[in-house]
Number of protein chains: 2
Amino acid sequence: MATIRDVAKAAGVSTATVSAVVNDSAYVSPELRARVEAAVRQLNYAPSMVARNLKRGKSQLIAIVVADLANAFFSRMVCLAEAAAAAWGYSLVVFNSDEKPEAEKRIISRIRMLSCDGIVLVPVGETAQNMRDDDGKSIPTVLFGRIVDDRRSDTVTIDNVSAGRQATNYLLDLGHRRIGSITGPLQLTTGRGRHEGMMQALQARGVTPLPHHIRSGEFREGTAYSVAREILEGDDRPSALYVANGVMALGLMRALSDLGLRCPEDISIASTDTIPGIGGLRPRLTRTEHPLSDMVNEAFRLLVDRISNGAPPAPRNVVFQPALVVGESCAPTVPLVVENHR
Amino acid sequence: MATIRDVAKAAGVSTATVSAVVNDSAYVSPELRARVEAAVRQLNYAPSMVARNLKRGKSQLIAIVVADLANAFFSRMVCLAEAAAAAWGYSLVVFNSDEKPEAEKRIISRIRMLSCDGIVLVPVGETAQNMRDDDGKSIPTVLFGRIVDDRRSDTVTIDNVSAGRQATNYLLDLGHRRIGSITGPLQLTTGRGRHEGMMQALQARGVTPLPHHIRSGEFREGTAYSVAREILEGDDRPSALYVANGVMALGLMRALSDLGLRCPEDISIASTDTIPGIGGLRPRLTRTEHPLSDMVNEAFRLLVDRISNGAPPAPRNVVFQPALVVGESCAPTVPLVVENHR
DNA sequence: CACATCCAGCTAAACGTTTAGCTATACTTG
DNA sequence: CAAGTATAGCTAAACGTTTAGCTGGATGTG
């Protein structure tokens, strides 16, 4: 591939003149400019971003590290992130830590070597402090969806407590009192927050859940499937379940299907998030949803601001509110009626 | 961030000695090696892949360009690609051409500037020839899923004709004779191949489809929704539909739902591919499926071979066979019986 | 005409790494 | 002891771009 020296030679000018024309960064006379442009076309020249990066210290790369790329939530996040990165003039390098803190460490190290300009990170576990350079200057970073003990990066999250509370309140409003839960991992702020929201809603109505109706596990379809079978195959099945994410909801659905249980006839289901695009399939999940598009766009706005202007005086923590979307996966309970003997 | 010069100065050696230790590329005495390693740890040194790339001409980046990242098929492909890239020691840069040839051109140009080592490309339209450098040497590339008139790159595809034929034969075997289709874009080898397979299956049984039962459109949920309503709201509705991809199947399902039609009671549906993970939702689609994991791994095997060893004597074209997966979205027709008047 | 001012275009260093080729020292051999 | 051989470690150029600072020529002024 042609370099700037080849173009300079072909046009009979210096490399500085070619750079000035290609980048439009200094006055170049019309005659010289025309010669340079002709040479650029003739040689099909494109500047090397590698060399440019070495000189300028800007890679035009943003890294995104998601927790589980097989999870449709995160793949939709990547889709939105690609569009946002492109809109800001960046390319997106995608990493999947697969919920493993050790993998996250290796990925962060790789990102430093790649000299990415910024990172959007879904933190795994509690360890996101290895991004600091030796001189204390870290790669501009925005944490997404989950919060860890890192007081330097901006964060974009959802009010997980509200997400859990709204979904649970919906079930309570329908008359459910024996409500179980598949909580997601409680060491994550997302899992913990949604669980806390559910517990707050129950306590506010004076409802005490049965401990064996509440199970936790990773945000994975297979995990939810197993855990759901344990809950559902018990002697006293709950009348409703709150599920902490969309992929777990699918696992729960598969368990219902395999056990011959109908939703919502035999059990009501509410979740936080669902899988996009499956509105035509039955049953449509009742759920609290992330405004994911707004969240991703905000994350990129904060990140690009950090890349351009450096760290703000104090880290920013933007919290979005979930929205309840009513589908058809919940039915009212028929309350037990104690007959009056006359 | 510390550079190799900082480490050299701290260790009291040359940069060549530091490079030899870090890369383990030449003998260094134990005493010097220990000093270098101590300095590396003390300064938290990580080599710059930008500078390394400029010198060596290897970026350790592979670009993947998908046609529609919002399509779950392509997002699953990206997920598998990230794992394959990581396994081969590469990072993955993700681009979405969104079915737009002009966007594809810009992306390819960007990939050249980034000096990615290789590309996995889902070509859009018929234009994938702008990857050649001026000296005729192109970035190692594997085309995925679709074939364009590019006789230089390897390709990994599915037998689309077989995919269409198998799904249609399944419907014919159930007694369906009024079979419609939502074909996908016919200028793509994928859309065209699946349509041809369907037509072959019908012709082999002496069945002539009604032209207004066959509609084409982009591989998008919204497109399929609109087109499906046109077919289904007509006076003589088909008894079955073959849909050319999983996302269109979801659009069709949504149209059925909105029109109050039950599947398979009112109409049977077969598709090529579905959305992963939704097996618990009703109805489970009967479909011909891509062995996507095998395909992605093969694509990366071919690409890494090209990166390492240069172009093979002749481009390779690996064709995978689809598999029919029977769900519950198809029912037998009750054949019309002409009563004998005695 | 001599001197001052302006500026288009050029030269060459730098970004951080790798590595070809050099050199001083150690060791071997006759 | 002199000559030959081996090699650890070093020097410095190169990868492709950007840009600070220089310079020769054009223009203006007294």
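In the text below, chain A, chain B and the rest are named by the order of the sequence lines, each starting its count at 1.
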*Roughly how many Å is it from CG in N53(A) to C1' in dC15(C), rounded to a whole number?*
10 Å
*Roughly how many Å is it from CE in M1(A) to C1' in dG16(D), rounded to a whole number?*
9 Å
*Along DNA chain D (nearest heavy atom to each residue), the more 5'-positioned of L32(B) and A46(A)*: L32(B)
*State whether T17(B) places a side-chain N or O below 4.0 Å from either non-bridging phosphate oxygen (OP1 or OP2) of dC10(D).*
yes
*Take atom CD1 of I4(B) and atom C1' of dA13(D), then tell me their distance rounded to the nearest Å.*
15 Å
*Is there a side-chain contact between R220(B) and E99(B) (heavy atoms, below 4.5 Å)?*
yes
*Counting heavy atoms from C-beta on, name the nucleotide in dT18(C), dC10(D), dT17(D) closest to the side chain of R56(B).*
dT18(C)
*Using modelled atom types only, decide if a donor and an acceptor are shared between the side chain of D117(B) and the backbone of I62(B) within a distance under 3.5 Å.*
no
*What does V13(A) touch in the nucleic acid at a heavy-atom separation under 4.0 angstrom: a base, only the sugar-phosphate, or nothing?*
sugar-phosphate
*Length of the line joining Y45(B):OH and dG16(C):C1', which is rounded to integer Å*: 7 Å
*S75(B) side chain to A72(B) main-chain N or O, any donor-acceptor pair under 3.5 Å?*
yes
*Taking NZ from K58(A) and P from dT18(D), how many angstroms apart are they, rounded to a whole number?*
16 Å
*asked:* How many whole angstroms separate atom NZ of K9(B) from atom C1' of dT17(C)?
replied: 16 Å
*asked:* Heavy atoms only, 4.0 Å cut-off, all strands: where does S14(B) land among base, sugar-phosphate and nothing?
replied: base
*N/O donor-acceptor pair under 3.5 Å between D6(B) side chain and T3(B) backbone*: yes
*Measure from the side chain of T3(A), starting at C-beta and using heavy atoms only, and say which of dT19(C), dT17(D), dG9(C) lies closest.*
dT17(D)
*asked:* Nearest whole Å is fine: how far is dA12(D) P from R5(B) CZ?
replied: 13 Å
*Between atom CZ in R35(A) and atom C1' in dG9(C), what is the gap in whole Å?*
11 Å
*Which residue lies toward the 5' end of DNA chain C, L54(B) or A16(B), if each is placed at its nearest nucleotide?*
L54(B)
*From the list dT17(D), dG16(C), dG9(C), which nucleotide is the closest neighbour of the side chain of K55(B)?*
dG16(C)
_E82(B) and V66(A), any side-chain heavy atoms less than 4.5 Å apart_ = no
_With L121(A), the side-chain contact (heavy atoms from CB on, under 4.5 Å) member among L143(A), I111(A), V142(A), T155(A)_ = L143(A)
*What residues in residues 19-31 of chain B put a non-hydrogen atom under 4.0 Å from any atom of DNA chain C?*
S19(B), N23(B)
*Taking R52(B) for its side chain and P47(B) for its backbone only, find out whether a donor-acceptor pair lies under 3.5 Å.*
no
